[in-house]
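Working notes, structure below.
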Amino acid sequence: MAVAQVFRFKNKITMKIASFNVNSIKVRLEHVKKFLIEENIDVLLLQELKCIKENFPFNEIENLGFKVIVNGQKSYNGVAIISKFPIKLISNFLPNISNGKDDGQARFLDVKILDFRIICVYLPNGNPIETEKYEYKLNWLKRLTSYCKKLYQTNEKIIIGGDFNIIQKDIDCYDPKVWINDALFTDKVKNYLKEILNFGFVDAYRIIKPSSQEYSFWDYQNGAWQKDHGIRIDLFLLSPEVADLLDDTGIFKKIRGHSKPSDHVPIWLKLN
DNA sequence: ATGGCAAGGGTTCCTTGA
């Protein structure tokens with residue numbers, strides 16, 4: 001009995017996965033390195049690199065013992081996945097509904113790490129509404145919903161993480177009145193997220209903390225951080241197979257108070 | 001006391017973000 005217990009303990013998979021919209025990897029490199037090391041991160045999803053692949057600091061990250069996959073773009077967007085375990089690229093774009101092709105914006109990575117299917121997303125902001133930016137966001141959500149539906153049917157261990165640019169509910173922002181008619185908070189946008197959740201995905205944060213009010217983004221302007229006027233828009237969506245493994249989750253708020261912070265902070269989860 | 005951001009790219013300001 002004791003032997004069996006030790007055996008089981010030794011073979012238990014423990015993983016800490018995080019997601020961080022860095023708002024320029026160049027400016028936030030030291031924050032990322034410190035976070036990876038001090039918080040014992042196994043897998044990190046990054047958004048808003050704001051650089052092309054050639055300018056990503058591969059050496060700095062790989063020297064810490066990580067593998068890296070980058071989907072870069074000049075000036076805007078850009079996503080990456082950093083992992084202690086080998087990464088196999090499945091797709092670096094979210095296919096168009098009409099022709100299955102890339103749309104040229106680096107906002108998506110789908111990879112396999114161990115037996116997990118891990119998807120890194122950076123959704124469009126979409127403001128102002130009733131413009132083509134908003135239409136692009138709705139179209140992106142339509143494509144993501146379609147992708148998630150197919151993905152769900154594979155019954156794999158799926159983790160979709162990143163900056164969703166969606167405030168799901170009133171509790172996910174300091175003042176819902178401020179966000180009326182904002183592209184992060186319209187019914188159309190929220191309904192796409194609901195549809196994805198209705199397939200059977202769950203918001204990891206709400207499993208562990210059903211009624212907590214915490215944020216993952218504070219605007220640089222108007223003293224938003226000092227007044228705690230934030231929003232929770234960075235999310236991990238889990239398939240049931242992963243939700244069963246969820247041990248803990250949280251928002252790494254303190255990094256927002258450091259010098260030269262991103263306007264987002266990392267979110268993380270532990271699987272056991 | 002009443003205006004208050006940041007980053008990239010490229011130039012002395014524009015775009016984008018949320």
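Here is the naming used below: chain letters follow the sequence lines, and residue numbers restart at 1 for every chain.
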How far, in whole Å, is [M] from [N] if one measures between their [atom1] atoms?
N      : M      : atom1 : value
B:dC14 : B:dG10 : C1'   : 9 Å
B:dT11 : B:dC5  : P     : 24 Å
B:dT2  : B:dA6  : C1'   : 22 Å
B:dG8  : B:dT12 : C1'   : 16 Å

* Indicate whether the side chain of A:N71 and that of A:Y122 have a donor and an acceptor atom separated by less than 3.5 Å. =>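 The answer is no; no qualifying pair exists.
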
* Return yes if a side-chain donor-acceptor contact under 3.5 Å exists between A:D103 and A:N96, otherwise no. =>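 No, A:N96 and A:D103 have no side-chain donor paired with an acceptor closer than 3.5 Å.
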
Between [atom2] on [N] and [atom1] on [X], what's the gap in Å once rounded to a whole number?
X      : N      : atom1 : atom2 : value
A:N23  : B:dT15 : CG    : P     : 19 Å
A:F217 : B:dC5  : CZ    : P     : 14 Å
A:Q73  : B:dA7  : CD    : P     : 19 Å
A:L49  : B:dT16 : CG    : C1'   : 16 Å
A:R107 : B:dT16 : CZ    : C1'   : 11 Å
A:D263 : B:dG8  : CG    : C1'   : 14 Å
A:N21  : B:dA6  : CG    : C1'   : 13 Å
A:I129 : B:dG17 : CD1   : P     : 16 Å

[X] side chain: which of [options] is closest?
X      : options               : value
A:N222 : B:dG17, B:dG4, B:dG8  : B:dG4
A:K74  : B:dG17, B:dG10, B:dG8 : B:dG10
A:Q221 : B:dA7, B:dC5, B:dG10  : B:dC5

* When rounded to the nearest 0.5 angstrom, what distance separates CG in A:L89 from CG in A:D110? ->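 Output value for this atom pair is 8.0 Å.
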
Any base atoms under 4.0 Å from [X], or only sugar-phosphate, or nothing? Heavy atoms, all strands.
X      : result
A:N77  : nothing
A:Y122 : sugar-phosphate
A:K133 : sugar-phosphate
A:D163 : sugar-phosphate
A:H264 : sugar-phosphate

* Asked: Does A:S24 have a side-chain nitrogen or oxygen under 4.0 Å from the phosphate oxygens OP1 or OP2 of B:dG8?
  ->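 Affirmative; the distance criterion is met.
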
* **Partner of A:Y147 under ring pair (Phe, Tyr, Trp, His ring centres under 6.0 Å), chosen from A:F108, A:Y192, A:F201** =>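 It is A:F108, the one option of A:F108, A:Y192, A:F201 that forms the ring pair (Phe, Tyr, Trp, His ring centres under 6.0 Å) with A:Y147.
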
* On DNA chain B, check which nucleotide each of A:K260 and A:E48 is closest to and give me the residue with the more 5' one. =>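 It is A:K260, whose closest nucleotide lies nearer the 5' terminus.
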
* Asked: So which one's nearest nucleotide on DNA chain B is more toward 5', A:D219 or A:C51?
  ->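 Looking at DNA chain B, the more 5' nearest nucleotide goes with A:C51.
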
* Sub-3.5 Å donor-acceptor pair from the side chain of A:Y205 to the main-chain atoms of A:L235, do we have one? ->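 Not confirmed, A:Y205 side chain does not pair with A:L235 backbone.
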
* To do: Determine, for A:F185 and A:K190, whether the Lys NZ or Arg CZ falls below 6.0 Å from the six-membered ring centre while staying within 45 degrees of the axis.
  =>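 A:K190 over A:F185 ring: yes.
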
